[in-house]
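Contents: one structure, followed by commentary.
Computed from a predicted model, the values in this text were never measured in an experiment.
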Amino acid sequence: MLTRPTFPADEVAQLKRDTLAVIDRERDDADSLVQRVLPRLIDAHSPYAQRAGFGDPKVIAALTPADLAAAHAQWLRPDGAKIFVVSDRPLAELKPMIERTLGGWRVAGAAPALPGRQPPAPAQPQIVLIDRPGSAQATIGAGQAVPAADAGQQLLRDTANGALGGGFLGRINMNLREDKHWSYGANGNFDDRPLQSSYVVDTSVQSDKAGPAIAEIRREVSDFVTTRPMTQREFDLVRGGALRGMAGWFQSSGAVLGAMQENDRRGRPDDYFATLDARYAAMTPDALNAAIRAAIDPARWVWTVVGDAGQVRAQLDALGLPVRVVRAGEVVPRP
């Protein structure tokens with residue numbers, strides 16, 4: 001029988017200490033600093049921007065056991081729950097087991113309404129430099145919000161991106177890592193979520209190449225959606241790689257479970273993955289180029305750089321974008 005959890009004061013106090021320690025470590029980690037700042041620049045009103053990082057230390061410090069109990073009672077409810085099961089046992093056997101555990105789950109009242117999605121509020125194109133004196137390298141994150149897409153259009157976007165930023169052989173990584181040797185790796189990917197989609201690039205480079213690396217990323221992305229779109233050779237590589245990789249997607253129960261949940265989250269039919277080979281077979285370079293061209297506009301991008309301002313500021317000023325400098329750990333105001 002499912003019972004309502006308790007929140008002992010000593011356990012809550014330890015949880016708060018642990019969370020505050022994680023937040024302190026975030027302030028010393030370049031990738032975490034980027035993730036705390038960049039989502040707010042891409043869209044300050046995004047619900048995902050509010051959750052960037054492990055939270056506001058002032059809010060965490062003020063939490064009480066009663067706060068946690070109230071939040072649990074408000075949001076963890078049977079009328080909002082779905083059960084996903086991967087098993088070799090028949091449903092007739094599994095259902096009574098689930099009923100014994102969850103059948104008595106009851107809560108009072110109606111489920112609260114989810115907060116509304118405010119209109120997007122992206123920052124103007126700019127660079128936010130998070131000053132971290134003594135940094136041996138510069139950590140770069142950049143991106144933009146992109147229009148929502150259905151499952152078919154998102155598949156086209158993701159496949160096209162394999163030639164730009166989504167794979168080792170993508171142009172961004174081949175440029176910064178294999179050609180320039182400035183980075184151990186660079187990638188860009190679509191982050192497709194129910195309430196916001198975005199495209200984000202991230203990498204770390206040697207400090208004296210922060211400005212040139214940004215210039216190269218801007219050039220590669222701009223060329224990809226204008227004068228140098230995906231070639232037939234790139235198309236054959238990314239589509240062929242996707243088709244060959246499908247054979248290993250569902251070798252574990254966890255992978256099957258994740259696919260079921262992803263289909264539900266995105267509103268896709270249960271047989272979505274069974275249709276992918278036909279979807280890939282129907283793709284053309286023109287369709288992929290059109291899909292990614294409609295989504296990405298590098299002129300709208302915002303950038304976050306974590307590095308030693310004394311080493312990288314002049315490089316960034318030369319790029320022609322406004323540069324704003326903040327201290328590591330400082331809360332960056334919304335645009």
Measure across [X] and [Y] and return the closest heavy-atom pair with its distance rounded to 0.1 Å.
X      : Y      : answer
Ala259 : Phe273 : CB-CE1, 3.5 Å
Ala160 : Ile292 : CB-CB, 4.0 Å
Gln137 : Val205 : CB-O, 3.0 Å
Ser135 : Ser207 : O-OG, 3.5 Å
Trp249 : Ala255 : O-CB, 3.1 Å
Ala328 : Leu33  : CB-CD1, 4.1 Å

Please check if the side chain of [X] supplies one atom and the backbone of [Y] the other of a donor-acceptor pair under 3.5 Å.
X      : Y      : answer
Glu93  : Pro90  : no
Lys180 : Asn175 : no
Arg177 : Ala186 : no
Asp67  : Thr64  : yes
Ser183 : Ser204 : yes
Arg132 : Asp28  : yes
Asn289 : Met230 : yes
Asp308 : Gly134 : yes
Arg117 : Leu195 : yes
Arg300 : Ala145 : yes

Check your understanding: For Glu220 and Ile217, what are the C-alpha separation, side-chain angles and deciding distance, and is it a side-chain contact (heavy atoms from CB on, under 4.5 Å)?
Key -> CA-CA 5 Å; Glu220 290 289 4; Ile217 295 170; 5.9 Å; no
Minimum side-chain heavy-atom gap [X]-[Y] below 4.5 Å:
X      : Y      : value
Arg89  : Met97  : no
Tyr199 : Asn161 : yes
Met174 : Leu169 : yes
Thr203 : Ile172 : no
Val12  : Leu63  : no
Leu114 : Trp75  : yes
Arg313 : Asp131 : no
Pro298 : Arg218 : no

Flag for [Y]-[X]: side-chain donor and acceptor within less than 3.5 Å:
X      : Y      : value
Gln144 : Trp301 : yes
Arg279 : Thr275 : yes
Gln35  : Asp31  : no
Tyr48  : Asp191 : no
Ser46  : Asp43  : no
Gln14  : Arg17  : yes

When you group the ILVMFWY residues by side-chain heavy-atom contacts below 4.5 Å and let the links chain together, are [Y] and [X] in the same group?
X      : Y      : answer
Val325 : Ile127 : yes
Ile98  : Leu76  : no
Val238 : Leu243 : yes
Val302 : Val326 : yes
Tyr272 : Val86  : yes

Please determine whether a side-chain nitrogen of the Lys or Arg among [X] and [Y] lies less than 4.0 Å from a carboxylate oxygen of the Asp or Glu.
X      : Y      : value
Asp192 : Arg266 : yes
Lys58  : Asp56  : no
Asp223 : Arg219 : yes
Arg27  : Asp24  : yes

Can you tell me how far the [atom1] atom of [X] sits from the [atom2] atom of [Y], to the nearest 0.5 Å?
X      : Y      : atom1 : atom2 : value
Arg239 : Tyr280 : CZ    : OH    : 10.5 Å
Ser198 : Asn189 : OG    : CG    : 10.0 Å
Leu164 : Asn187 : CG    : CG    : 10.5 Å
Ile130 : Thr139 : CD1   : OG1   : 9.5 Å
Arg77  : His72  : CZ    : NE2   : 11.5 Å
Glu99  : Leu94  : CD    : CG    : 12.0 Å

Review point. So among Gln261, Glu262, Arg268, which one has a side-chain contact (heavy atoms from CB on, under 4.5 Å) with Arg265?
Key: Glu262
Exercise for review: Please determine which of Leu321, Leu319, Val128 meets the side-chain contact (heavy atoms from CB on, under 4.5 Å) test together with Trp303.
Suggested key: Leu321
Exercise for review: Run the numbers on Glu11 and Leu15 for side-chain contact (heavy atoms from CB on, under 4.5 Å), then give the verdict.
Suggested key: CA-CA 6 Å; Glu11 293 183 11; Leu15 176 63; over 6 Å; no
Step through the shown structure and confirm whether more than 12 heavy atoms of other residues, nucleotides or ligands are within 6.0 Å of [atom1] on [X].
X      : atom1 : answer
Met246 : CE    : yes
Asp270 : CG    : no
Phe84  : CZ    : yes

